[in-house]
Amino acid sequence: MSVLVFSNPNEGSFAKSALEACTYGAKVAKALGTDCHAVTYGQVSDAEIAKLGAHGATVVHKAGSLETPDSGQLSKLIATAAAACNADVILCSHDLTGKAVAPRLSARLKAGLVTGANALPTTDGGFKVNKPVFSGKAFATEVITSAKKVISLMPNSIPPENTGGTAQVQELAGDFGAKKVTVKETKKRTGTISLPDAEKVVSAGRGLKGPENWGMIEELASLLGAATACSRPVADIGWRPHHEHVGQTGVAIRPNLYFAIGISGAIQHLAGVNGSKVIVVINTDPEAPFFKAADYGVVGDAFQVVPKLTEALKAFKG
Amino acid sequence: MKILVCLSKVPDTTTRIAFIDNNTKFDEKDVQFIINPYDEWYALVRGLELKEANTGTVTTITVGGADTDPIIRKALAIGADDAVRIDSPASDAYSTAFQIAEYAKDKAFDMILLGKETIDYNGSQIGGMVAEMLDLPFISLASKLDIAGGKATIECDIPGGTQVLEVEGAFVLSAAKGMAEQRIPNMRGIMAARSKPLNVIPAVAVEPLTKTESYQLPPAKAGVKLVDPDNMAELVRLLHEEAKAI
Ligand SMILES: Cc1cc2nc3c(=O)[nH]c(=O)nc-3n(C[C@H](O)[C@H](O)[C@H](O)COP(=O)(O)OP(=O)(O)OC[C@H]3O[C@@H](n4cnc5c(N)ncnc54)[C@H](O)[C@@H]3O)c2cc1C
């Protein structure tokens, strides 16, 4: 028996969320008194592979020749590794690839699945995992009743821990089936921080009056090293791109720090952001519902407050 | 073009979430139920647009009891041709996906569309499971879908950009924002929906692999600390020293 972590490389390197999953796997393995293995694929340097060892994997299974966006092939890859190390618990990140691969794997192995787990499982009286539900308005404790289990971990749920370990690397061969999905084109946005795994987010709403006023938001974000986000109407009217829309029907995020500027705090907006650790609200209306969900609030006009905040931050950074 | 769209019934987005029976059950009292927005706004509407541009049929499928019929009728009013309800209380994702795959396996659908997740359990599970059970490719969180010459061209948001994918043959796809615009059913659609077929099919036997033991509400916030708008240095200090967020 062992624990297996699927470590999906992003352009040859592992994102923080991948290292979080590895740390999570190492902790689950420790609790179960077994080893944590990892499985990866494609062109990944030894230095990157070593990071998996440093974050708790004792063995890394690597299919170096496989390059694919096809979740069908990836689920066969993970199933092959799981058979090789006799894994009962399989983990991955609850990110774009994880959301496609984890359910396939669950169906393939008849393994009960919990997606978006936000804490370590407990094992007294059944294998139980916690996860946010109702778009963050509540949490559920799920029991996995099958012998094999698949869990995907919500990014930013546990910090990655470098324990200084090293992993043994094993080349993994197998038949991963035909590639049915091909990548035609990848378009990168330059200079922006990806929203789903950002640690800090500066978000603005209809209170900003128009798209021409986002300069101060972008300046504040870049000073903080934060991603930018917006409320739904702002994306719907086209002031900001759709991928910035956060909330119940947009991207759900849980950064360490969330600035809500000129956003009223409607229930559907809060649903996608209330997992944020610290929330700062800037709004002219002291009755704005967002203040109830906030840790820090500034009642004031964004057009005055934001430039002052930017100045104060610059002074703080020296 | 034969299109299957999966629909799930979820509480309206404004619902105040509460639990009963010692926090083991979602409190449905006074709750308004709707079609999961991702299923309706994006998967269903894009399915209808593709059918309209190419000819074909859009069938919806829902696993649930008779209480799901009103949302199924709404999908028919929006424009689906017919609907299937697998008569079984919704259990875990695995058993739900199993019912859908059993229904779809010999029907040669060109595509199976659904929303990227439901807004109640936020699972993102059914699509991938159905795809694996039917041995079909699965594209998750797609924001564009076009069909030409038997090939699907699909755009997905990836971290820091977008990716264009191509798939040949049948596939399963989960839809995210950008795929289509919400359609409001008109009077003619609502009238027509009454006579469209809603076929109720018995469920097949399958064991769930997970169950929800209990629910918790998030701890209440301690209360907001207000900072003078003219003293942003104080906010920066609090965020640094107290919240340790910068
Ligand atoms: C089914 C459904 C799903 C939805 N999903 C989402 C979702 O995922 N995400 C989402 O965001 N919304 C969602 N909504 C919409 C939501 O209900 C709100 O309408 C929306 O969040 C409001 O956006 P807003 O706060 O930017 O705008 P408003 O509600 O117009 O609020 C603007 C705020 O700015 C403040 N303001 C004005 N001027 C200034 C100034 N100079 N300085 C500072 N503050 C100022 C105002 O006091 C006000 O509080 C959904 C709605 C429905 C029905």
Side-chain angles (χ1 to χ4, degrees), chain A residues 69-72 75 96 99-100 103-104 106-108 112-116 128 133-135 137-146 180-189 194 196 242-243 245 248-250 256-257 267-268 278 291 293-300 305 308-309 312-313 316, chain B residues 13-14 17 37 93-94 97 119-129 131-133 137-141 143 153 156-168 177-178 209-218 221 224-227 229-230 232-233 235-236 238-240 243 245-246:
Chain A
D70 186 337
S71 55
S75 71
L96 187 64
K99 285 176 187 176
R104 294 199 79 119
S106 164
R108 187 170 194 86
L113 169 64
V114 174
T115 49
K128 299 175 192 171
V133 288
F134 296 103
S135 309
K137 292 183 208 169
F139 297 92
T141 304
E142 299 286 318
V143 186
I144 306 181
T145 47
S146 53
K180 297 183 186 167
V181 181
T182 46
V183 177
K184 287 281 135 187
E185 197 186 344
T186 303
K187 303 177 214 168
K188 283 273 169 192
R189 290 184 290 272
S194 148
H242 280 317
H243 61 83
H245 159 194
Q248 189 158 21
T249 53
N256 293 332
L257 180 58
I267 189 165
Q268 298 97 346
V278 177
F291 283 115
D295 299 280
Y296 299 99
V298 182
V299 179
V305 174
K308 281 185 191 155
L309 175 58
L313 265 171
F316 164 74
Chain B
T13 56
T14 55
I17 304 299
Y94 180 82
I119 59 165
D120 52 3
Y121 290 95
N122 310 116
S124 305
Q125 298 192 3
I126 304 287
M129 289 179 178
E132 187 70 22
M133 288 166 183
F138 174 52
I139 292 84
S140 63
L141 284 92
S143 52
T153 306
C156 298
D157 283 334
I158 56 168
T162 52
Q163 197 161 55
V164 182
L165 302 170
E166 196 173 85
V167 188
E168 258 179 84
K177 186 165 184 173
L209 304 176
T210 62
K211 62 173 198 280
T212 303
E213 186 186 66
S214 62
Y215 297 94
Q216 305 92 40
L217 290 172
K221 283 263 178 189
V224 57
K225 198 174 252 185
L226 290 178
V227 181
D230 289 322
M232 284 302 99
L235 179 61
V236 171
L238 286 167
L239 290 177
H240 178 61
I246 57 172

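Chain A is the first sequence line, chain B the second, and so forth, proteins listed ahead of strands; every chain is numbered from 1.
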Residue part contacting chain A, namely of B:L235, when any heavy atom lies under 4.5 Å: side chain
B:D120 meets the salt bridge (Lys or Arg N to Asp or Glu O under 4.0 Å) criterion, sequence neighbours left out, with none
Applying a strict 4.5 Å limit to non-hydrogen atoms, the region of B:K177 in contact with chain A is side chain
Heavy-atom distance under 4.5 Å to chain A: side chain of B:K225, backbone, both or neither? both
Could you tell me which portion of B:Y94 (side chain, backbone, both or neither) has an atom closer than 4.5 angstrom to a non-hydrogen atom of chain A? side chain
Establish, from distance only, whether the side-chain atoms of B:E213 and A:T141 form a donor-acceptor pair under 3.5 Å. no
With a 4.5 angstrom heavy-atom cut-off, could you sort out which part of B:V227 is near chain A: side chain, backbone, both or neither? both
Looking at CG of A:L313 and CE of B:M232, how far apart are the two atoms once the value is rounded to the nearest 0.5 Å? 10.5 Å
Which atoms of B:A93 approach chain A - backbone, side chain, both or neither, heavy atom under 4.5 Å: neither
What heavy-atom pair brings A:G297 and B:V224 nearest, and what distance separates the two atoms? N-CG2, 3.4 Å
Search all heavy atoms of B:I119 against all heavy atoms of A:S135 and return the closest pair with its distance. O-OG, 3.4 Å
Where on B:P37 is there a heavy atom nearer than 4.5 Å to chain A: the side chain, the backbone, both, or neither? side chain
Do A:S106 and B:Q125 meet the criterion of a side-chain donor-acceptor pair at a distance under 3.5 Å? no
Who passes salt bridge (Lys or Arg N to Asp or Glu O under 4.0 Å) against B:E166, sequence neighbours left out? A:K184, B:K151
Hey, what do you get for NZ (A:K188) to OG1 (B:T162), rounding to the nearest 0.5 Å? 9.5 Å
For the residue pair A:Q268 / B:T13, report whether a side-chain donor-acceptor contact shorter than 3.5 Å exists. yes
Check each atom of B:I126 against the heavy atoms of chain A and say whether the ones under 4.5 Å are side chain, backbone, both or neither. neither
Give the minimum heavy-atom separation between A:A140 and B:Q216, together with the two atoms involved. N-OE1, 4.4 Å
Rounded at 0.5 Å granularity, tell me how far OG1 in A:T186 sits from CG in B:L165. 8.0 Å
Which region of B:I17, side chain (C-beta onward) or backbone (N, CA, C, O), has a non-hydrogen atom less than 4.5 Å from a non-hydrogen atom of chain A, or is it both or neither? side chain
Side chain from CB out, backbone as N, CA, C, O: work out which of these in A:S75 comes under 4.5 Å of a heavy atom of chain B, or both, or neither. side chain
